[in-house]
Amino acid sequence: MTHATYVTLEGVSLHLPDGRPLFTQLDLQLDQPRMALVGRNGVGKSLLARLIAGAILPTTGRCLRAGSVYYLGQYMTEEPGCTVADLLRVKPVVQALERMEQGHYSPLDLDLIGDQWMLREHLLNALANAHLSHLTLNTPVASLSGGEAMRVALLGAFASKADLLILDEPTNHLDGCHRQLLSEQLDKWPKAVLVISHDRVLLESMQCIIELSSQGLIRYSGGYSSYAQAKDLQQKRAQQRLERAKVEQKREAQALRAQRENLERKQARGQKQASDSNQANILLGRQKQRSQLTHGKVLKQQDATHQTLATQVKAAALGVEEPHSIFIQPARTRSNAPVRSA
Ligand SMILES: Nc1ncnc2c1ncn2[C@@H]1O[C@H](COP(=O)(O)OP(=O)(O)O)[C@@H](O)[C@H]1O
Ligand SMILES: [Mg+2]
């Protein structure tokens with residue numbers, strides 16, 4: 001089944017301010033309604049998400065968007081004076097509505113409001129439906145717990161009508177019940193979503209899982225179980241490659257040792273025969289020199305072979321990682337701490 005392509009990345013690279021390349025030459029099409037992005041902490045998922053959303057530009061390459069993208073970041077705003085309206089990203093429209101109510105007419109405000117005359121009522125309704133009726137649009141974000149702030153921010157994301165939602169670690173502050181609610185909301189969401197998460201339950205409902213690693217992007221079809229199966233197979237193959245490389249290294253080392261010993265025996269025999277046959281000193285010296293040269297050459301070749309094999313073992317070992325290590329997370333905790341102090 002083919003879907004619309006929401007975002008296309010072409011040869012995208014991103015360098016950090018210190019010049020370090022975070023990722024290079026990424027190509028990707030976001031073309032399914034339910035997608036996830038996974039990878040080890042620090043690998044660059046959040047920066048890639050911000051790049052897809054247009055919040056930052058790639059160092060090279062380009063990112064093409066077919067519609068609007070709403071990026072809900074991993075960390076809530078800590079700006080002083082931030083309110084629920086900021087978390088919902090509706091403050092400019094709310095302020096325009098307030099100015100109109102106070103009799104300050106402006107065409108700019110009229111444009112800003114568009115058809116959203118009932119926006120505040122809709123949002124207060126939505127807050128009440130989400131069991132957040134104790135909040136108003138002016139409630140300071142600093143007074144909310146991490147879970148409340150995430151629930152409000154999610155509400156704003158789902159109210160946005162964006163073509164593609166990017167939710168960055170949305171379940172981190174949510175308890176089991178609200179994680180379940182989020183899954184249900186995602187099931188009902190009529191547009192596309194890219195979720196960055198380590199939550200296996202959430203990942204299970206995805207149509208594809210895209211993994212970001214130092215090797216770039218790899219796309220796996222299906223949800224978490226299919227991903228885990230593919231990773232298991234990859235691991236088994238990598239483990240087999242490592243075993244084969246180690247066996248080869250051992251076998252070669254034995255062959256090289258035998259070659260060296262053989263050469264040394266031959267040298268000793270040659271020298272003994274030469275001195276027994278009373279050869280002139282000058283001839284003896286030349287023979288010794290020749291033999292040392294051959295010995296040196298063989299040792300050099302052996303050294304190179306040793307190094308090649310060690311590099312092969314090292315490369316094979318790099319392919320072997322802890323199974324699903326990116327999913328080993330601290331136990332889920334319910335966060336009730338205010339956002340600012342979290
Ligand atoms: N604004 C920034 N300036 C410099 N380095 C940054 C900035 N943001 C993130 N980084 C670095 O970029 C890397 C990737 O960060 P991030 O995208 O947050 O990773 P992830 O979301 O996969 O955990 C990390 O090493 C982080 O320290
Ligand atoms: Mg992140």
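Numbering of ligands and ligand atoms starts at 1, following listing order. Counting from 1, the numbers follow the sequence of the chain as shown.
Counting heavy atoms from C-beta on, the side chains of Leu182 and Phe158 come closer than 4.5 Å. The shortest side-chain heavy-atom distance between Leu181 and Glu184 falls under the 4.5 Å cut-off. Using a 4.5 Å cut-off on side-chain heavy atoms (C-beta onward), Arg20 and His15 make no contact. Put simply, the side chain of Lys246 does not reach to within 4.5 Å of the side chain of Lys250, judged on heavy atoms.
Residues Leu132 and Val94 share a hydrophobic cluster, clusters being chains of Ile/Leu/Val/Met/Phe/Trp/Tyr side chains in contact below 4.5 Å.
Neither the backbone nor the side chain of Asp18 has any atom closer than 4.0 Å to an atom of ligand 1 (non-hydrogen atoms only).
At least one N or O atom of Ser46, backbone or side chain, sits closer than 3.5 Å to an N or O atom of ligand 1. Between Leu16 and ligand 1, not a single N/O pair is under 3.5 Å apart. Among the atoms of Lys45, some N or O lies under 3.5 angstrom from an N or O of ligand 1.
The distance from ligand 1 to the heavy atoms of Asn41 drops below 4.0 Å at these ligand atoms: 23 (O). The Arg40 neighbourhood of ligand 1 comprises atoms 22 (O), with distances under 4.0 Å to a heavy atom of that residue.
Of all protein heavy atoms, the one lying nearest to atom 17 (O) of ligand 1 is Leu47 N, 3.0 Å. If you check which protein heavy atom lies closest to atom 16 (P) of ligand 1, you get Gly44 CA, 3.9 Å. Counting protein heavy atoms only, atom 4 (C) of ligand 1 is closest to Pro17 CD, 3.6 Å. Looking only at heavy atoms of the protein, atom 25 (O) of ligand 1 is closest to Gly42 O, 3.8 Å.
At most 12 heavy atoms of other shown residues, nucleotides or ligands fall within 6.0 angstrom of atom CZ in Arg62.
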Check the pair Arg219, Asp27 against salt bridge (Lys or Arg N to Asp or Glu O under 4.0 Å), reporting the backbone distance first and the verdict last.
CA-CA 11 Å; Arg219 184 178 177 134; Asp27 293 311; over 6 Å; no
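Applying the side-chain contact (heavy atoms from CB on, under 4.5 Å) test between Lys191 and each of Leu165, Leu164, Asp163 identifies Asp163 as the sole match.
Atom 27 (O) of ligand 1 lies below 4.0 Å from none of the non-hydrogen atoms of the protein. Of the protein's heavy atoms, none falls inside 4.0 Å of atom 2 (C) of ligand 1.
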Which pairs of donor and acceptor atoms, one on a side chain in residues 104-123, lie under 3.5 Å apart (sequence neighbours left out)?
| residue | atom | partner | partner atom | Å |
| --- | --- | --- | --- | --- |
| Ser106 | OG | Leu108 | N | 3.2 |
| Ser106 | OG | Asp109 | N | 3.0 |
| Asp109 | OD1 | Arg99 | NH2 | 2.9 |
| Asp109 | OD2 | Arg99 | NE | 2.8 |
| Trp117 | NE1 | Gly114 | O | 3.2 |
| Arg120 | NH1 | Glu101 | OE1 | 3.4 |
| Arg120 | NH1 | Glu101 | OE2 | 3.4 |
| Arg120 | NH2 | Glu101 | OE2 | 2.4 |

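Remark: Asp168 does not engage Lys45 in a salt bridge, criterion side-chain N to carboxylate O under 4.0 Å. A salt bridge links Arg251 to Glu248: one of the charged nitrogens lies within less than 4.0 Å of a carboxylate oxygen.
Among protein atoms, those of element N, O or S found less than 2.8 Å away from the Mg ion (ligand 2) are Ser46 OG, Gln74 OE1.
In this structure, Glu169 does not count as a contact residue of ligand 1, since none of its heavy atoms falls inside 4.0 Å of the ligand.
Considering CD of Gln267 and CG of Asn262, their distance stands at 11.0 Å, rounded to 0.5 Å.
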